[in-house]
Amino acid sequence: QVQLVESGGGSVRAGGSLRLSCTTSRRSFSEHAVAWFRQAPGHEREFVAAISRSGGETPVADSVKGRFTVSRDKAKNTVYLQMNNLKPEDTALYYCASKRTILTMSPDVEARSYNNWGQGTQVTVSS
């Protein structure tokens with residue numbers, strides 16, 4: 001199993017930006033699709049964005065489209081979630097998740113599809 005570590009969360013005002021990072025020491029991470037999910041108190045975990053193993057596919061949720069982008073740096077073994085124009089409703093605990101895939105597979109948007117998870121990083125957006 002791959003141990004994932006998220007970082008970059010914090011408290012910002014509405015309209016601000018944060019960049020989350022997801023990294024691991026396992027070199028096989030480059031063979032994984034990676035996704036970001038979030039969970040706010042009293043709500044179910046929801047899909048935010050994902051990136052395919054190749055980096056060529058980056059689906060995002062409608063709620064964050066145009067504001068959040070996902071990218072990966074294989075040399076640094078890290079996946080990023082750039083969050084711009086943050087809104088109070090983006091407040092949540094953000095998790096990254098991964099699974100090993102074949103090169104041509106599109107990334108899943110279902111949490112149950114991923115078998116490696118981080119502990120989460122808190123994002124709080126005030127109005």
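We count residues from 1, following the sequence as given. Just so we're clear, the structure is a prediction, and the values are computed from it rather than from any experiment.
- With hydrophobic clusters built from ILVMFWY side chains whose heavy atoms lie under 4.5 angstrom apart, Val64 shares a cluster with Met83.
- Applying the side-chain hydrogen bond (donor to acceptor under 3.5 Å, both in side chains) criterion to Asn84, with sequence neighbours excluded, gives Ser17, Gln82.
- Among pairs with a residue in residues 6-107, those fulfilling disulfide bond (SG atoms under 2.5 Å apart) read Cys22-Cys96, at least two apart in sequence or across chains.
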**side-chain contact (heavy atoms from CB on, under 4.5 Å) between Arg53 and Glu31, worked out** = CA-CA 6 Å; Arg53 171 176 164 175; Glu31 300 174 0; 3.9 Å; yes

Do Val60 and Arg67 pass the side-chain contact (heavy atoms from CB on, under 4.5 Å) test, and can you show the C-alpha distance, the side-chain angles, and the key distance before you say yes or no? CA-CA 10 Å; Val60 297; Arg67 300 187 297 122; over 6 Å; no

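- Not counting sequence neighbours, the partners of Phe37 by the ring-ring contact (aromatic ring centres under 6.0 Å, His included) test are Phe47, Tyr114, Trp117.
- Evaluation of the side chain to side chain contact (heavy atoms under 4.5 Å, CB included) rule for Glu110 yields Arg112, Ser113 as partners, not counting sequence neighbours.
- Under a 3.5 Å cut-off, the side chain of Asn77 and the backbone N or O of Thr24 do form a donor-acceptor pair.
- Considering CG of Leu81 and CD1 of Ile51, their distance stands at 10.5 Å, rounded to 0.5 Å.
- Not counting sequence neighbours, Lys87 has no partner by the side-chain hydrogen bond (donor to acceptor under 3.5 Å, both in side chains) test.
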Next on the checklist: Working note: Glu6 + Leu20, criterion side-chain contact (heavy atoms from CB on, under 4.5 Å); need CA distance, chi angles, decisive distance, verdict.
Outcome noted: CA-CA 7 Å; Glu6 303 100 332; Leu20 305 185; over 6 Å; no

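- Summarising the geometry, atom CG belonging to Leu4 is positioned 5.5 Å from atom CZ belonging to Phe29; distances are rounded to the nearest 0.5 Å.
- Listed by first and then second residue, the ring pair (Phe, Tyr, Trp, His ring centres under 6.0 Å) pairs that reach into residues 7-27 come to none, sequence neighbours excluded.
- Looking at Gln122, its side chain never comes within 3.5 Å of a backbone N or O of Gly9 through a donor-acceptor pair.
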